[in-house]
> 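Mind having a look at this structure? Questions to follow.
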Number of protein chains: 2
Amino acid sequence: MSDQARKRRLTSVDVAREAGVSRATVSYVLNDTPNQRIPEATRRRVWDAVDRLGYAPSAAARSLRSGRSEVVLALLPDWPFGRMVGAMLEQLAVALADVGLIFVAHPRAGSRRPVAEIWKAISPAAVLTWDPIEPADQAAMRAAGVKVTVGLFQRGDAGGLAVSEQRTGRLQAEHLAARGHRRLGYAFPDDERVLVFAEPRLAGVRSACAELGLDPPDVRTVRIDRPSAVAAVRQWTAGPDPVTAVCAYNDEVAVAVLGGAREVGVSIPTDLAVIGVDDLPLSAIVDPALTTVATDSGGLAAYLAAAVIAGLADEPAPRYPGSDIVELIVRDSA
Amino acid sequence: MSDQARKRRLTSVDVAREAGVSRATVSYVLNDTPNQRIPEATRRRVWDAVDRLGYAPSAAARSLRSGRSEVVLALLPDWPFGRMVGAMLEQLAVALADVGLIFVAHPRAGSRRPVAEIWKAISPAAVLTWDPIEPADQAAMRAAGVKVTVGLFQRGDAGGLAVSEQRTGRLQAEHLAARGHRRLGYAFPDDERVLVFAEPRLAGVRSACAELGLDPPDVRTVRIDRPSAVAAVRQWTAGPDPVTAVCAYNDEVAVAVLGGAREVGVSIPTDLAVIGVDDLPLSAIVDPALTTVATDSGGLAAYLAAAVIAGLADEPAPRYPGSDIVELIVRDSA
DNA sequence: CTGTTAGCGCGTTCAA
DNA sequence: TTGAACGCGCTAACAG
């Protein structure tokens, strides 16, 4: 390895020298700049030099000059994300790549360092968050050149993802009501970090119950273990007016309830119907197969991509696909 | 909103003017530069101006000047990543944050656009990949200022993650052998994208079988659905010399096998023992609870962080924690 | 038509 | 505490 390789970064000066042209010409060739007629022979010389040297322009210099970045940054929240989020992020990356944007995600937003540290280090064109963005952060980002900021969960229960999460809960309750259940239980997760999801889902169940004239749901916290599930099932099924169907926060909690019911000797779905959320791969093969509510991660990704792209073009954001991205999947458990 | 707010980015010039000092002073105050005696009063004036204006330095200019980036980029491969990877990325982000590095991940590396597009847009200090890095890419990255590149799966079966994946397979087979099983089956996944994991795991099972004097494993592909699992279980348990224990590629496949066995009337673990990989939250609560091999995502994250940090300091990479990050978890299924 | 010169963008840092 | 140069690529204006 030549000593220059470790000493100095390769710049367009090196390419220009190697190709026997000026830096400007190099830039024109590399960017295929319109309105610059450069003969094929020169182009080839430049590209050859680039390949030979292994030159790559500095992203820093480029974005300093152009004043814009091609990067979209997602600040992932603290909750444990599984398949669905993973899939959604993949699809988002693809959708953004189609318009020339690079998508990256930072896990564990706000854990140790303030969020500002992160977007400052990346200087993205747009930032996506799950938690709502503080007005102060909002302003700082704007000042630093971040054009678009999308908060999936808006403050209050009004907008954003809360809509489809509520819809998810409604779908659970409506399905159970349609099957004739009058007393519903709700299996709430034992993890503070997922409250952003759990609360709107439960709110959806509550409002559906109210509208359909059912009793309010009997909410119990269920951990992903046997004893917890057993206890919850016992409580739901005891007494003179037992719960006959349970909406679970997600499929994992639902499977825990299934296990608890088996242990208690409560048969599913005859004695107790169970419905989950997420449609995990496993949900179709547990016994009995789990009825659940799936979110169309592709649809969500498409919306987010559209929102970012619109924002970058200073156009109004697209309509939020509140309810049409969740879907009921009926199997055997409810 | 003032018209300047939308016209021009806020720069250190604005802060300098507002505070009545020079740009140099602003820089010294903001970075707390050593060997620069700046009176407390001046510092305060500068910080006040920063807060009032909502100033944030341009990452592009900063890294252009300093020639180094604080960003570590992971290029996630194409396979569907679940909880374990999610958790590992989180822990990696935290470990790197502790030394002032920002971790971001790009999902779906190399899907549409060449990988080069991605690191060029970010200009990270280090890049992490799962697939091995092409020598050409390697060189280009070095030239563009990426100091460290870590490929988790090295070419060939020699190094990197393949070590612990093989160890995972060995652990499965050794446990089953210790329980007296002589004929093992292997439930192989039906997804090309996870071959990087599946192959070393199976290789581990194979070599353990060979060393322990068992027959080679009876490998069958199992999809995450009932019919596929039923067929596999039938084949394993039929004939004069049936398989008595199955190593599954992961817990999902293992649960599928559990379901298939139930349907066929094969009892677990008496007629057929099953052991998975991953220790999903669900694995502890399915019936019977799944014996499995867990990977210590924290340990892996710690190793990766150490490798990156060492590389950035031009120090030799730490020893790879081949086998000590996988652990057998014995439950009821084997 | 082909290609060059020169200066910008913004934070950092040396010399004064 | 400051003026000025620097890092690197882009591009308007200009010359051969």
Side-chain angles (χ1 to χ4, degrees), chain A residues 4 7-47 49-50 53 55-70 120-123 125 143-146, chain B residues 4 7-47 49-50 53 55-70 120-123 125 143-146:
Chain A
Q4 85 159 27
K7 271 212 164 46
R8 222 174 30 73
R9 240 193 69 106
L10 206 52
T11 76
S12 74
V13 179
D14 301 295
V15 177
R17 189 184 323 108
E18 179 84 6
V21 295
S22 72
R23 287 169 59 219
T25 304
V26 172
S27 174
Y28 287 140
V29 170
L30 293 184
N31 299 321
D32 230 345
T33 310
N35 305 335
Q36 290 291 338
R37 322 223 134 276
I38 300 189
E40 198 50 41
T42 307
R43 287 182 187 281
R44 198 174 301 281
R45 286 221 313 287
V46 171
W47 277 114
V50 166
L53 267 36
Y55 166 76
S58 144
R62 181 189 288 235
S63 73
L64 171 60
R65 174 62 219 197
S66 69
R68 42 182 282 143
S69 148
E70 317 271 61
K120 280 181 188 175
I122 308 280
S123 64
V146 179
Chain B
Q4 86 158 29
K7 268 210 167 47
R8 221 175 30 74
R9 243 193 66 107
L10 207 50
T11 76
S12 75
V13 179
D14 301 297
V15 177
R17 187 183 326 108
E18 179 84 6
V21 295
S22 72
R23 286 167 61 219
T25 304
V26 172
S27 174
Y28 289 140
V29 170
L30 262 52
N31 299 320
D32 228 343
T33 310
N35 305 335
Q36 292 289 342
R37 320 224 133 275
I38 300 192
E40 199 50 42
T42 306
R43 288 182 187 279
R44 199 173 300 283
R45 287 223 311 288
V46 171
W47 277 115
V50 166
L53 267 36
Y55 166 75
S58 144
R62 180 187 289 232
S63 70
L64 171 59
R65 174 64 226 208
S66 68
R68 40 182 284 143
S69 150
E70 318 270 62
K120 281 181 186 173
I122 308 280
S123 66
V146 179

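Not measured: the values here are computed from a predicted model. Here is how names work: the chains are called A, B, and so on, in the same order as the sequence lines, proteins then strands, and each is numbered from 1. Reckoned from all heavy atoms, side chains included, excluding hydrogens, waters and symmetry mates.
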> Under 3.5 Å, side chain of R62(B) to main-chain N/O of P57(B), donor-acceptor pair present?
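Here the side-chain-to-backbone pair does not exist.
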> Quick check on dC10(D): is either OP1 or OP2 less than 4.0 Å from any side-chain nitrogen or oxygen of R62(A)?
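So the side chain of R62(A) is within the cut-off, an N or O lying under 4.0 Å from OP1 or OP2 of dC10(D).
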> Could you state the CG-P distance from D14(B) to dC10(C), rounded to the nearest angstrom?
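That distance rounds to 9 Å.
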> Please state how far atom CG in D32(B) lies from atom C1' in dT12(C), giving the value in whole angstrom units.
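Value for this atom pair: 15 Å.
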> How about Y55(A) and D14(A): do any of their side-chain heavy atoms sit closer than 4.5 Å?
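Y55(A) does not reach D14(A) side chain to side chain.
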> Could you check which of dT4(C), dT12(C), dC10(C) has an atom nearest any side-chain atom of N31(B)?
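Per side-chain heavy atoms of N31(B), the pick is dT12(C).
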> Quickly work out the R23(A) CZ to dG7(C) C1' distance and round it to whole Å.
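After rounding, the gap between these two atoms is 11 Å.
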> Would you say a side-chain N or O of T42(A) is under 4.0 Å from OP1 or OP2 of dG3(C)?
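Yes, such a contact exists.
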> In terms of the nearest nucleotide of DNA chain D, which residue is placed more toward the 5' end: R43(B) or L64(B)?
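Between the two, 5'-proximity favours R43(B).
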> So, OP1 or OP2 of dC10(C): does either fall under 4.0 Å of a side-chain N or O from S58(B)?
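No, S58(B) has no side-chain N/O under 4.0 Å of OP1/OP2 on dC10(C).
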> How many Å lie between CZ on R17(B) and P on dG11(C), as a whole number?
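Spelled out: CZ on R17(B) to P on dG11(C) is 13 Å.
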> Rounded to whole Å, how long is the line connecting atom NZ of K120(B) with atom C1' of dG9(D)?
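So the NZ-C1' distance, K120(B) to dG9(D), works out to 14 Å.
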> I want to verify a distance call: between dC10(C), dC8(D), dT2(D), whose nearest atom is closest to the S22(B) side chain?
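Among dC10(C), dC8(D), dT2(D), the one nearest the side chain of S22(B) is dT2(D).
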> Looking only at side-chain N and O atoms, does T25(B) come under 4.0 Å of OP1 or OP2 in dT2(D)?
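So the side-chain polar atoms of T25(B) do come within 4.0 Å of the phosphate oxygens OP1 or OP2 of dT2(D), strictly under.
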> In whole Å, I'd like the distance from the CG atom of L10(B) to the C1' atom of dC10(C).
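Taking CG of L10(B) and C1' of dC10(C), I get 12 Å after rounding.
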> What's the shortest heavy-atom distance between A61(A) and L64(B), and which atoms?
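Looking at all heavy atoms of both residues, the shortest contact is CB-CD1, 3.7 Å.
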> Rounded to whole angstrom units, what separation is found between the CZ atom of R65(B) and the P atom of dT13(C)?
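Atom-to-atom, R65(B) to dT13(C), this comes out as 6 Å.
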> Do S22(A) and T25(A) pair up side chain to side chain, a donor and an acceptor below 3.5 Å, judged on atom types alone?
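T25(A) and S22(A) do have a side-chain donor-acceptor pair below 3.5 Å.
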> Expressed in angstrom and rounded to an integer, what is the separation of Y28(A) atom OH from dG9(D) atom C1'?
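Computing the Y28(A):OH to dG9(D):C1' distance gives 12 Å.
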